[in-house]
Amino acid sequence: PSFSRVVARDPASIADMFQRGRNLLDEVERVTAASDSGAVGQEWLRAKLGFGDSSVRKPTENLEKGNDLLREVLILAPEMDDARIYLGHAHHVAGDRHAARVQFRDVLTRTGDVNTRGFALLNVGIVQLVSGEFADDVLVFLELVYSGAVGSCPHLGLAYFFLALACAMQERFEDSARWLVRLYE
């Protein structure tokens, strides 16, 4: 709650799309019932069953379902570093910092891709920052900055802010100001 970051944005309101889907299926059922055959195709019945009752799942249920899907992806394709980073982020959001670090560090030991490593380092740094491990945190963010990933992926420029914050938490205010200037630039 003390900070936020955008991992992904919903392309549309889930509740709205849920209702529009139900409305579409109800209309298809009405139109087919009015036709001569009077039967709704099996594919429409299966689609309608997918909506179950008329309630939208709770966010915690959606998060757990998403975590399950990410775990399945990693069983089928353990090299999917993006899925591992998202799973680590989900663990962090749920408060399981150890599980989050395991996922991020696994990415760091496996990949040589600068941007992927950058995202894993950013997330490790954030977990350490929240845990109060400021000295180690500075080293992680410095590794990210000097890796060159920020130049190729501007989203990783957030590392300058977190680096400034970690320095300030150690009362290294001149270093903190230097990183804030770099962020501004």
Side-chain angles (χ1 to χ4, degrees), residues 1-14 58-74 77-185:
S2 61
F3 67 90
S4 66
R5 55 195 162 115
V6 175
V7 175
R9 295 183 190 269
D10 290 336
S13 163
I14 292 173
K58 294 182 174 112
T60 54
E61 292 172 343
N62 286 331
L63 182 60
E64 189 53 43
K65 186 175 182 178
N67 285 343
D68 290 344
L69 291 171
L70 288 168
R71 286 184 201 101
E72 287 178 28
V73 165
L74 292 170
E79 73 283 354
M80 291 291 297
D81 294 323
D82 292 353
R84 195 167 299 283
I85 289 171
Y86 277 111
L87 183 58
H89 179 68
H91 286 311
H92 182 216
V93 168
D96 190 347
R97 294 180 189 145
H98 175 72
R101 286 180 210 221
V102 167
Q103 297 301 325
F104 301 139
R105 295 219 165 117
D106 190 40
V107 171
L108 291 170
T109 60
R110 300 149 61 70
T111 187
D113 181 73
V114 174
N115 290 342
T116 303
R117 287 184 60 76
F119 280 105
L121 285 167
L122 181 66
N123 281 284
V124 166
I126 291 170
V127 170
Q128 289 180 179
L129 188 65
V130 171
S131 300
E133 301 168 29
F134 307 121
D136 292 338
D137 208 27
V138 169
L139 296 175
V140 169
F141 288 127
L142 284 173
E143 182 180 347
L144 170 56
V145 167
Y146 294 127
S147 73
V150 177
S152 62
C153 188
H155 289 72
L156 294 173
L158 194 56
Y160 295 134
F161 171 76
F162 288 121
L163 190 49
L165 185 58
C167 288
M169 297 304 286
Q170 295 178 68
E171 298 182 7
R172 294 172 39 201
F173 299 115
E174 288 180 19
D175 290 337
S176 180
R178 186 170 46 98
W179 291 113
L180 287 173
V181 166
R182 185 127 178 227
L183 173 64
Y184 178 77
E185 291 170 347

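Along the sequence shown, residues carry numbers from 1.
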Rounded distance [0.5 Å steps], [atom1] in [X] versus [atom2] in [Y]:
| X | Y | atom1 | atom2 | result |
| --- | --- | --- | --- | --- |
| S147 | L156 | OG | CG | 7.5 Å |
| L74 | E79 | CG | CD | 9.0 Å |
| L87 | M80 | CG | CE | 12.5 Å |
| L158 | F141 | CG | CZ | 8.0 Å |
| H92 | Q103 | NE2 | CD | 14.0 Å |
| L165 | Q170 | CG | CD | 10.5 Å |

What residues, two or more places apart in sequence or in another chain, satisfy salt bridge (Lys or Arg N to Asp or Glu O under 4.0 Å) together with E72?
none

Residues in salt bridge (Lys or Arg N to Asp or Glu O under 4.0 Å) with D81, at least two apart?
R110

Side chain to side chain, [X] and [Y], heavy atoms closer than 4.5 Å:
| X | Y | answer |
| --- | --- | --- |
| N123 | Y86 | no |
| P78 | R84 | yes |
| D137 | M169 | no |
| R182 | L163 | no |

Sequence neighbours excluded, which residues qualify as side chain to side chain contact (heavy atoms under 4.5 Å, CB included) partners of A177?
none

Using the side chain to side chain contact (heavy atoms under 4.5 Å, CB included) criterion, which residues pair with A90? Sequence neighbours excluded.
L63, N67

Inspect the surroundings of CD in E171 and state if more than 12 heavy atoms from other residues, nucleotides or ligands are less than 6.0 Å away.
no

Heavy-atom count around F161 CZ within 6.0 Å, excluding the residue itself: above 12?
no

Is there a side-chain contact (heavy atoms from CB on, under 4.5 Å) between L183 and F162? Walk through the geometry before answering.
CA-CA 10 Å; L183 173 64; F162 288 121; over 6 Å; no

Show me, pair by pair, the donor-acceptor contacts under 3.5 angstrom made by side chains of residues 111-122, not counting sequence neighbours?
residue	atom	partner	partner atom	Å
T111	OG1	D113	N	3.0
D113	OD2	N115	N	3.4
D113	OD2	T116	N	2.8
D113	OD2	T116	OG1	2.7
N115	OD1	S152	OG	2.7
R117	NH1	L108	O	2.5
R117	NH2	E143	OE2	3.2

Please report the closest heavy-atom contact between [X] and [Y], naming both atoms and the distance.
| X | Y | value |
| --- | --- | --- |
| V127 | A100 | CG2-CB, 4.3 Å |
| F104 | V124 | CB-CG2, 3.3 Å |
| V73 | A83 | CG1-CB, 3.9 Å |
| S176 | A164 | OG-O, 2.8 Å |
| V145 | A159 | CG2-CB, 4.4 Å |
| C167 | D175 | SG-CB, 3.8 Å |

Where at least one partner belongs to residues 92-105, residue pairs that pass salt bridge (charged side-chain N to carboxylate O under 4.0 Å, His left out), sequence neighbours excluded
R101-E133

Could you walk me through whether D68 and R71 satisfy the salt bridge (Lys or Arg N to Asp or Glu O under 4.0 Å) test, starting with their C-alpha distance in whole Å, then the side-chain angles of each, then the deciding distance to 0.1 Å, before giving a yes or no?
CA-CA 5 Å; D68 290 344; R71 286 184 201 101; 2.9 Å; yes

Step-by-step side-chain contact (heavy atoms from CB on, under 4.5 Å) determination, L180 to Y160
CA-CA 7 Å; L180 287 173; Y160 295 134; over 6 Å; no

